[in-house]
Protein chains: 2
Amino acid sequence: MTTRRDAVHDTLRRSEGFRSAQDVYAEMRLHGAKIGLTTVYRALQALADGGQVDVLRTDEGESVYRACASDTHHHHLVCRRCGRTVEVDGPAVERWAETVGSEHGFTEITHTVEVFGTCSSCSAPARTG
Amino acid sequence: MTTRRDAVHDTLRRSEGFRSAQDVYAEMRLHGAKIGLTTVYRALQALADGGQVDVLRTDEGESVYRACASDTHHHHLVCRRCGRTVEVDGPAVERWAETVGSEHGFTEITHTVEVFGTCSSCSAPARTG
DNA sequence: GGAGATTTTGACAATCATTTTCATTCTGCA
DNA sequence: TGCAGAATGAAAATGATTGTCAAAATCTCC
Ligand SMILES: [Zn+2]
Ligand SMILES: [Zn+2]
Ligand SMILES: [Zn+2]
Ligand SMILES: [Zn+2]
């Protein structure tokens with residue numbers, strides 16, 4: 001029934017970092033999967049709605065998805081060079097967001113927090129020669 | 001020389017919350033300004049590059065800009081209903097981002113942090129009648 | 001097993017913010 | 001005044017995402 005959705009989910013699981021719908025589609029076609037772009041978009045959205053994958057927006061405005069190991073609320077440390085992603089936890093940030101929101105009379109507080117950097121592999125000294 | 005850019009900046013300053021390029025353009029035309037959409041986009045980008053305005057992406061992927069009072073690093077508490085924005089500070093978050101990044105061997109760490117909620121005006125009880 | 005109802009799929013067209021193009025209009029300066 | 005280079009903006013191009021709709025798959029009840 002959700003054959004396609006599972007296939008999309010699997011493809012995502014095989015990826016290291018965040019991937020766009022277009023990426024996933026290309027990847028699947030490359031491996032011979034018979035699926036349409038529309039269906040990939042729908043599957044990704046459904047997975048995101050169901051909380052099975054995480055979404056974030058790139059600087060270029062593209063939505064990218066990732067099948068995370070943790071199924072509880074968490075954030076991401078993403079290498080801006082290679083995309084390698086680490087799932088991180090930040091109780092202090094959670095508290096801070098709630099506090100700062102309440103202090104100003106806001107309710108139903110949510111937050112987006114992403115950390116970017118250059119991972120150790122990518123920051124290895126460039127060859128001088 | 002930067003007449004247009006200043007006009008765009010002024011329009012932004014008159015706004016309460018974040019505004020899209022399209023919004024700013026419409027607003028300016030409404031008030032009789034003679035300016036093209038392309039120029040608004042260019043001005044907004046230049047202002048953002050120069051750090052004179054802050055940018056963020058909406059859920060719908062639109063870039064929105066705001067002329068903030070603070071010229072130092074800060075974050076935003078945004079009403080998801082009316083867009084009213086409060087500039088907030090979060091030393092704990094700054095430290096956390098740096099720490100979590102270093103712990104995983106990442107360098108040149110940056111972060112995006114935005115808090116959303118419903119402001120007191122917008123959460124006023126809906127009329128029962 | 002089968003007919004009809006219901007859901008899922010995907011090729012294609014449509015949308016829409018943003019970017020490019022490129023010809024025209026400024027600007028500073030000799 | 002006259003010109004090189006920057007700024008401007010109308011119109012076309014781009015490109016991710018969404019809408020459409022008919023065909024295909026799946027389910028439901030007999
Ligand atoms: Zn995650
Ligand atoms: Zn959090
Ligand atoms: Zn509000
Ligand atoms: Zn910060």
Side-chain angles (χ1 to χ4, degrees), chain A residues 1-12 15 17-67 78 80 83 112 114, chain B residues 1-12 15 17-67 78 80 83 85 112 114 116:
Chain A
M1 195 223 288
T2 36
T3 313
R4 307 306 169 109
R5 183 171 310 178
D6 285 342
V8 168
H9 200 175
D10 286 347
T11 303
L12 219 45
S15 301
F18 283 85
R19 294 282 176 265
S20 71
Q22 307 275 351
D23 286 346
V24 172
Y25 173 68
E27 170 83 7
M28 293 181 78
R29 300 293 297 220
L30 209 58
H31 290 310
K34 178 87 179 54
I35 193 170
L37 181 57
T38 310
T39 304
V40 172
Y41 270 102
R42 279 194 286 239
L44 250 16
Q45 272 157 3
L47 287 167
D49 286 349
Q52 280 114 350
V53 307
D54 287 352
V55 203
L56 65 83
R57 290 263 181 183
T58 66
D59 281 348
E60 293 81 41
E62 214 176 354
S63 290
V64 289
Y65 304 81
R66 182 169 191 268
V78 185
R80 68 168 66 79
T112 65
E114 304 294 339
Chain B
M1 196 226 286
T2 36
T3 313
R4 307 305 168 111
R5 184 171 309 180
D6 286 340
V8 168
H9 200 175
D10 286 345
T11 303
L12 219 46
S15 302
F18 281 84
R19 294 283 175 264
S20 71
Q22 306 276 351
D23 286 347
V24 172
Y25 173 69
E27 170 84 8
M28 293 181 78
R29 300 294 294 222
L30 209 57
H31 290 309
K34 178 85 178 56
I35 193 170
L37 182 57
T38 309
T39 305
V40 173
Y41 271 101
R42 279 195 285 240
L44 249 17
Q45 272 158 2
L47 287 167
D49 286 350
Q52 280 115 352
V53 307
D54 287 352
V55 204
L56 64 83
R57 291 263 181 184
T58 67
D59 281 348
E60 294 80 40
E62 215 177 354
S63 290
V64 289
Y65 304 82
R66 182 169 192 268
V78 185
R80 68 167 67 79
T85 300
T112 65
E114 304 296 339
F116 299 94

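All values reported here derive from a predicted model rather than from experimental measurement. The chains referred to below are lettered A, B, ... by the order of the sequence lines, with proteins before strands, and numbering in each begins at 1. Values below: every heavy atom of this structure, side chains too, minus hydrogens, waters and symmetry copies.
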Novice: Do B:Gln22 and B:Tyr41 have side-chain heavy atoms sitting under 4.5 Å apart?
Specialist: yes
Novice: Just how far, in rounded Å, is P of D:dA16 from CD of A:Glu60?
Specialist: 11 Å
Novice: Tell me the interatomic distance from B:Met28, atom CE, to D:dT8, atom P, rounded to whole angstroms.
Specialist: 11 Å
Novice: Return the value, rounded to whole Å, for the distance between atom CG of B:Asp59 and atom C1' of D:dT17.
Specialist: 15 Å
Novice: So, do A:Arg4 and A:Arg42 sit near enough that their side-chain heavy atoms are less than 4.5 Å apart?
Specialist: no
Novice: Could you check A:Val8, A:Leu47, A:Val64 and say which one makes a side-chain contact (heavy atoms from CB on, under 4.5 Å) with A:Val53?
Specialist: A:Leu47
Novice: Can you tell which of A:Ile35, A:Asp10, A:Thr39, A:Leu37 makes a side-chain contact (heavy atoms from CB on, under 4.5 Å) with A:Met28?
Specialist: A:Ile35
Novice: Could you give the CG-to-P distance, from B:Asp6 to D:dA7, as a whole number of Å?
Specialist: 13 Å
Novice: Which atom pair, heavy atoms only, marks the closest approach of B:Tyr65 to B:Ala48?
Specialist: CE2-CB, 4.2 Å
Novice: Spell out protein contact along nucleotides 11-21 of chain C as letters: B when the base is contacted, S when just the sugar-phosphate is, - when no protein heavy atom is under 4.0 Å; keep the 5' to 3' order.
Specialist: BB----SBBB-
Novice: So, for B:Leu44 and B:Ala21, which heavy atoms are closest and what is the spacing to 0.1 Å?
Specialist: CD2-CA, 3.6 Å
